[in-house]
Chemist: 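Please find one structure pasted underneath; my questions will follow.
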2 protein chains.
Amino acid sequence: MRSILSSTIRRRTPITVSAVARANGLRFKPTVRVATSSNPQLAFPCLDRLEKKTEELSNSCAIDNITSLEGGPEPSYSKVQTGFQVFKSKVPIFLDNGGYLPEYEIAYETWGKLNKAKDNIILLHTGLSASSHAKSQPYNLKSGWWEEFIGPGKYLDTNKYFIICTNVLGGCYGSTGPSSKDPADQDYYGTRFPIITVNDMVRAQHELIKKVFKVNKIHASVGASMGGMQSLAYAIEFPNEVEKVVSISGCARSHPYSIALRHCQRQVLMSDPNWKRGFYYDNIPPHVGMKLAREIATVTYRSGPEWEYRFGRNRADESKPPALCPDFLVETYLDHAGEKFCLEYDANSLLYVSKAMDLFDLGYINRSRAAKTRLATEQEYKIQANLVEEFSVPTEPYRETVSSATITPEESLRDLQKGMERIAHKDVLVIGVESDILFPVWQQREIADVLRHNDKGGDIRYFELGNNVSNYGHDTFLLSLDHIGPPVKDFLQSKKEF
Amino acid sequence: MRSILSSTIRRRTPITVSAVARANGLRFKPTVRVATSSNPQLAFPCLDRLEKKTEELSNSCAIDNITSLEGGPEPSYSKVQTGFQVFKSKVPIFLDNGGYLPEYEIAYETWGKLNKAKDNIILLHTGLSASSHAKSQPYNLKSGWWEEFIGPGKYLDTNKYFIICTNVLGGCYGSTGPSSKDPADQDYYGTRFPIITVNDMVRAQHELIKKVFKVNKIHASVGASMGGMQSLAYAIEFPNEVEKVVSISGCARSHPYSIALRHCQRQVLMSDPNWKRGFYYDNIPPHVGMKLAREIATVTYRSGPEWEYRFGRNRADESKPPALCPDFLVETYLDHAGEKFCLEYDANSLLYVSKAMDLFDLGYINRSRAAKTRLATEQEYKIQANLVEEFSVPTEPYRETVSSATITPEESLRDLQKGMERIAHKDVLVIGVESDILFPVWQQREIADVLRHNDKGGDIRYFELGNNVSNYGHDTFLLSLDHIGPPVKDFLQSKKEF
C-alpha cells in the first residue's frame with residue numbers, strides 16, 4: 001500500500017526541485033522526494049524507455065554521420081531480409097492514380113521447381129508488412145511467415161508446385177518503395193513516392209512472371225489479408241493468365257470501417273515529429289509513431305474472445321499499483337508487439353501500403369478510371385511532356401463535396417458485380433473467419449456471392465471458419481494453418497493434376 | 001491528371017531549394033518546384049493545420065503570460081461549462097487503489113423538483129467525457145447531452161422525478177480532477193493526481209446526495225456507457241440506498257479488448273510531446289494527441305454497418321487525387337470529430353477517467369481488496385503517518401509475472417456472481433446494443449445472467465436492440481432515444497408510482 005502524508009504536514013513543506021522539473025516537463029527521478037504533494041507523482045517507465053530509444057538512435061545517427069559520407073544509419077529492416085532475388089525493370093510502371101516509377105525492382109523468393117510444361121506456378125501474395133520470405137530456403141534459413149504451410153507434402157506442396165513470393169511494390173524488403181532512391185536525383189523517394197494501389201503491385205509481379213519466368217499462365221494466385229486482395233486483383237488484371245484464385249480473409253473492396261482503422265494508424269504515425277513528412281532517412285526513424293500504429297493494428301488483427309480467454313482481466317504484475325503505462329496483461333502484450341515492430345518496417349512503406357489497401361476496389365468504375373489514368377500518364381511520358389510547373393497535389397485539406405455516400409449500397413453492389421465479371425469464369429476459393437473484425441465475413445461472402453451472381457461457370461467455393469473453430473480473428477491465416485490448409489490444398493488440386 | 005516530366009529531362013535539372021527544405025522536415029510550399037523528382041511531393045494539409053494550431057496556441061500562451069501573473073492560457077474546456085452548482089467536501093475521500101484527495105468538489109445540475117417524501121431522486125451518470133449538463137436549464141441554456149431524453153413527460157420525466165447529474169470525480173467540468181490544484185501546494189495536480197476508479201466516483205456522488213440533499217434512498221441510479229458502470233457501482237456500494245438501477249451499454253467489468261482500445265488512445269496521447277507527463281497547464285495543451293485519441297475512440301463508438309451506409313467508399317472530393325491526409329469521407333468525418341474534441345476536454349482527465357474504466361470490476365476479489373486499501377489509507381491518515389520517504393510507484397516497466405490469465409473464465413464468473421450478490425435483490429434494467437463493439441452484448445447479457453443466477457428476487461429486465469433496430473453501435477444511447485426510452489420509462493414507473 002502506498003503511504004501518505006497528512007495535508008497538514010505537507011503544507012508546511014516548501015516546494016522542492018520537483019516542481020521545477022515538472023514545469024519543464026522533465027523526467028521524474030524516483031529518488032526525488034515530492035514532499036509537497038498529496039499523493040506521489042506517477043512514474044512513466046514506458047515514456048522513459050521511448051526517450052532512451054530515441055537517444056540511442058540519435059547517437060547511432062551521429063556516429064554514422066561521422067564514419068560515413070552517405071549519412072544516416074542503415075534502417076534495421078534493410079538488414080532483416082536477405083537471400084532474396086531481385087527482378088529489375090528498366091521499363092517504367094504507370095500507376096493507377098497517376099504518377100509512375102521510371103524503373104523499379106521486385107524482390108522475390110521461390111520454393112519447389114518450375115516444371116517443363118511451366119504450368120505449376122503458384123504466385124503467393126503477402127499481407128501488409130510481410131516480406132517475400134514465406135518459408136526458409138538455402139539463402140535464408142530463418143523461418144518464414146508461412147513456414148509450416150509450404151513444403152513437400154504440405155498445404156502448398158513444393159513437390160507439385162513452384163511457389164513464388166514477392167515483396168510488394170512500395171514495401172521495404174527489397175522491392176522499390178519510398179525508402180528507395182529516386183533515379184531522377186538519387187535522393188530518397190520519401191513522400192515523393194507516388195500513391196500506389198494493390199493493382200499496381202500485381203502488375204509489377206506480372207512483369208516478373210513474364211520477364212523472368214517467361215510463363216503465360218500461372219496455376220494459382222494465392223494470398224491472405226492484403227494478399228487476398230492481390231490474389232483477386234491479379235486475376236482481374238490478367239484473367240486469362242491465371243487458372244485458380246485463392247482469397248483468404250481478403251475482400252473485393254475496402255469498407256469504411258477498415259479505412260477508419262487504418263486512417264488512425266496513419267495519422268498517429270504521421271504525427272510523430274520524427275516522421276518529418278517522410279524525410280527521416282538520414283535521421284531518427286519515427287519509432288514512436290510506428291510502435292503506436294502497430295499497437296492499434298494489433299487490436300484489429302485479433303479478436304475479443306481470444307483475449308478474453310488469453311489475458312482476461314489479469315494485470316501484468318498484481319503486486320504493483322495501477323499505472324497509466326502498460327499495466328494489464330493485454331497492455332504489456334500490445335506494448336511488446338509495437339516495440340518489436342517499430343524498427344522492422346519502414347514508416348513510409350507502412351503509409352503507402354496501408355493507403356493502397358484503402359484504395360482497393362474491384363468495382364467497374366474504379367478500375368476503368370485507373371486504366372484511363374495509366375494510359376494518359378503513359379502517353380505524356382511518350383511525348384516527353386514537360387508539364388510539371390504546377391503540382392496537382394492540393395495543399396488545402398479536402399473539403400467534403402458531399403456529406404454522405406453518393407451511391408447506394410445497391411448501386412455499389414451492381415458496380416462490383418460488373419467489375420468482377422471478368423473473373424466469374426475462374427475457379428475461386430474464398431475463406432473467411434467469423435472472428436475477423438478487419439475483414440469481416442460479410443465481405444468474404446460478398447466476394448463469393450458476386451462471383452456466383454455473375455454465373456459464368458467458375459467453380460466458386462466458400463469456406464467460413466466459425467468462432468467455434470478459430471477465435472484468432474484476422475490473424476487466423478497465420479495461426480490456424482490446419483483449418484485454412486485442407487480446403488486450399490483440395491482446391492489447388494481439383495480438376496487438374498500435376 | 002497529374003503531369004509528369006520524363007526522367008531524362010528531370011535528371012538534367014539541378015537540385016532545388018526543396019531538397020534542403022525536405023532535409024529539414026519543413027513544410028512544402030505549393031509554389032516550390034521540385035524539378036528533380038519523378039513525381040510530385042505529396043502535400044500534407046492536415047499537418048499544416050496542426051502546426052498552425054500549435055503556433056496559435058503558443059502565441060496565446062505567450063500573450064497570456066505577459067498579461068497575467070497566473071501564467072498559462074485558460075483551457076477552453078473550463079469555459080465550456082457554466083451554470084452548474086458545486087458541492088465542496090472538506091472531508092477527504094480515500095481511494096480504491098490507495099491515495100486520497102484531502103478535499104474535493106463535485107459539479108452538478110438538477111432538473112425537476114425534490115418531492116416532500118424525498119423519494120423521487122434519479123441520479124444520472126455520465127459517460128467518459130460528458131459534463132453534468134445533460135439538459136438545458138435556466139443557468140445554462142445550451143442543449144445538454146441527453147436534451148430530448150429528459151423533461152416534462154419525457155423518458156426521464158421531470159414532472160415526476162428530481163434528476164441530478166454530476167461531473168465525475170477526475171473530470172474537468174467543475175469537479176476535482178487532474179487540472180485542479182492540489183491543496184498541498186496550490187499547484188496543478190497533473191499526474192500527481194491519484195489513480196481513481198468508477199466506485200470512487202460514485203462514493204463522491206453519494207456524499208453529495210447525503211450532504212446536500214440529505215436523502216437516505218434515491219429512486220434510481222441511471223446511466224449509459226461509463227454511466228452504466230457507475231449506475232451499477234452506486235448500487236453495489238450502497239445497495240440499501242437505491243431503489244432501481246438502469247445500466248445501458250455498460251458492463252459489470254471491463255474486458256481486455258476494451259482495455260486494449262483505451263490503451264491505444266492513452267499511449268497515443270501520452271506520446272504527444274506537449275503532454276509533458278501531465279504538466280502542460282502553463283503551456284500548449286497536447287491537442288494533437290487529444291485529436292488522435294478521439295479519432296480512435298470514435299471508431300469504437302460507432303459501427304461498421306452504419307458507416308457502410310453513411311459514407312460507403314465515397315471520397316471527400318472525388319475530383320482530387322488520393323492523399324495520405326484525410327481523403328475518404330469517413331476520414332474527414334473522423335478528422336472533424338477529433339478536431340472538435342481536442343481542446344474541449346482535459347487530456348489528463350481523459351487518461352484518468354479512461355483508466356478508471358479499465359479498472360472497473362464488480363467481482364468480489366477486486367471490491368474486497370479496494371475496501372481494505374481504502375481503510376488502510378484512512379487509518380494512516382488518522383494517525384498522521386509521515387511515511388512518504390519512498391514512493392511505491394515503480395519506475396520500471398511492469399514485467400509480466402504471468403504470461404496468460406491466471407484465472408479461468410469460469411472462476412472469474414463465480415467471482416463476479418459473488419461480487420454482484422449484493423444487488424441481486426434490486427430491480428435492475430439492462431439494455432444492450434448488438435452493433436456495439438466496445439461494450440458488446442455478451443457483456444450486457446452477463447450482467448443480467450449474473451443477477452438472475454443469484455436469484456434474490458430482484459426484477460431483472462434485459463432488452464437488446466438488434467442490428468435491425470440500431471446500427472449506431474455504442475453511441476446508440478445518444479442517437480436512438482426512442483428505442484432506449486420506452487423500456488427505461490416503463491421500468492422507472494413499475495411497482496412504485498409517484
Side-chain angles (χ1 to χ4, degrees), chain A residues 1-3 5-7 10 22 25 30 36-43 45 97-99 102 182 184-185 191-192 194-195 256-257 259-260 263-264 268 271 276 279 288 292 295-296 299 304 307 311-312 314 316-317 322 328 330-331 376 384 387-388 391-393 395-398 400-401 405, chain B residues 1-3 5-7 10 22 25 30 36-43 45 97-99 102 182 184-185 191-192 194-195 256-257 259-260 263-264 268 271 276 279 288 292 295-296 299 304 307 311-312 314 316-317 322 328 330-331 376 384 387-388 391-393 395-398 400-401 405:
Chain A
M1 240 247 10
R2 227 177 281 167
S3 305
L5 262 177
S6 85
S7 72
R10 220 170 296 105
R22 275 204 314 281
T36 54
S37 178
S38 293
N39 296 279
Q41 160 69 37
L42 295 186
N97 287 290
D182 185 344
D185 65 356
T191 49
R192 303 180 305 162
I195 295 285
Y257 208 70
I259 294 173
H263 161 90
C264 290
V268 164
S271 297
K276 293 178 192 284
F279 297 99
V288 177
L292 296 168
E295 293 192 46
I296 300 168
V299 176
W307 286 353
F311 304 119
N314 255 93
D317 187 342
F328 281 93
V330 68
E331 291 185 280
Q384 304 266 315
L387 302 165
V388 81
F391 288 143
S392 59
V393 185
T395 54
E396 288 298 310
Y398 288 4
E400 296 84 346
T401 55
Chain B
M1 240 245 10
R2 226 178 283 169
S3 304
L5 262 176
S6 85
S7 71
R10 223 170 294 107
R22 272 204 315 281
T36 55
S37 178
S38 293
N39 296 279
Q41 159 70 36
L42 295 185
N97 288 290
D182 186 343
D185 65 355
T191 49
R192 302 181 305 162
I195 295 285
Y257 208 71
I259 294 173
H263 160 91
C264 290
V268 164
S271 297
K276 294 178 193 288
F279 298 99
V288 175
L292 295 169
E295 293 193 45
I296 300 168
V299 175
W307 286 354
F311 304 119
N314 255 93
D317 186 343
F328 281 92
V330 68
E331 292 185 281
Q384 302 266 316
L387 302 165
V388 82
F391 287 142
S392 61
V393 185
T395 54
E396 288 299 309
Y398 287 5
E400 296 84 345
T401 54

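A note on names: the letters A, B, ... follow the listed sequences, proteins ahead of strands, and every chain is numbered from 1.
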Chemist: Answer with side chain, backbone, both or neither: which region of A:Glu331 has an atom nearer than 4.5 Å to a non-hydrogen atom of chain B?
Modeler: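 Both backbone and side chain of A:Glu331 come within 4.5 Å of chain B.
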Chemist: Where do A:Pro322 and B:Ile195 come nearest, in terms of heavy atoms and distance?
Modeler: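 Minimum heavy-atom separation between A:Pro322 and B:Ile195: O-CG1, 3.8 Å.
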Chemist: What residue, out of A:Gly304, A:Ala43, A:Gly312, A:Pro256, has the most heavy-atom pairs lying under 4.5 Å from chain B?
Modeler: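 Top option by heavy-atom pairs under 4.5 Å: A:Pro256.
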Chemist: Heavy-atom pairs under 4.5 Å with chain A - which of B:Asp317, B:Ile259, B:Thr191, B:Leu292 has more of them than the others?
Modeler: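 Top option by heavy-atom pairs under 4.5 Å: B:Thr191.
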Chemist: Are the side chain of A:Asp182 and the backbone of B:Ser38 linked by a donor-acceptor contact shorter than 3.5 Å?
Modeler: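 The answer is yes, because a donor-acceptor pair under 3.5 Å joins these two groups.
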Chemist: Once you round to the nearest 0.5 Å, how far does CG of B:Leu42 lie from CZ of A:Arg192?
Modeler: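 Interatomic distance, B:Leu42 CG to A:Arg192 CZ, rounded to 0.5 Å: 11.0 Å.
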Chemist: How long is the straight-line distance from CD1 of A:Ile296 back to SG of B:Cys264, given to the nearest 0.5 Å?
Modeler: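 These two atoms lie 5.5 Å from each other.
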Chemist: Listed by chain and number, what are the side chain to side chain contact (heavy atoms under 4.5 Å, CB included) partners of A:Ala260, not counting sequence neighbours?
Modeler: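 In terms of side chain to side chain contact (heavy atoms under 4.5 Å, CB included), with neighbours along the sequence ignored, A:Ala260 is linked to B:Val299, B:Trp307, B:Val330, B:Leu334.
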Chemist: Which bit of B:Val268 comes within less than 4.5 Å of chain A, counting heavy atoms only: side chain, backbone, both or neither?
Modeler: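 Both backbone and side chain.
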Chemist: How close do B:Tyr398 and A:Ala316 get, heavy atom to heavy atom, and via which atoms?
Modeler: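 Minimum heavy-atom separation between B:Tyr398 and A:Ala316: CB-CB, 4.2 Å.
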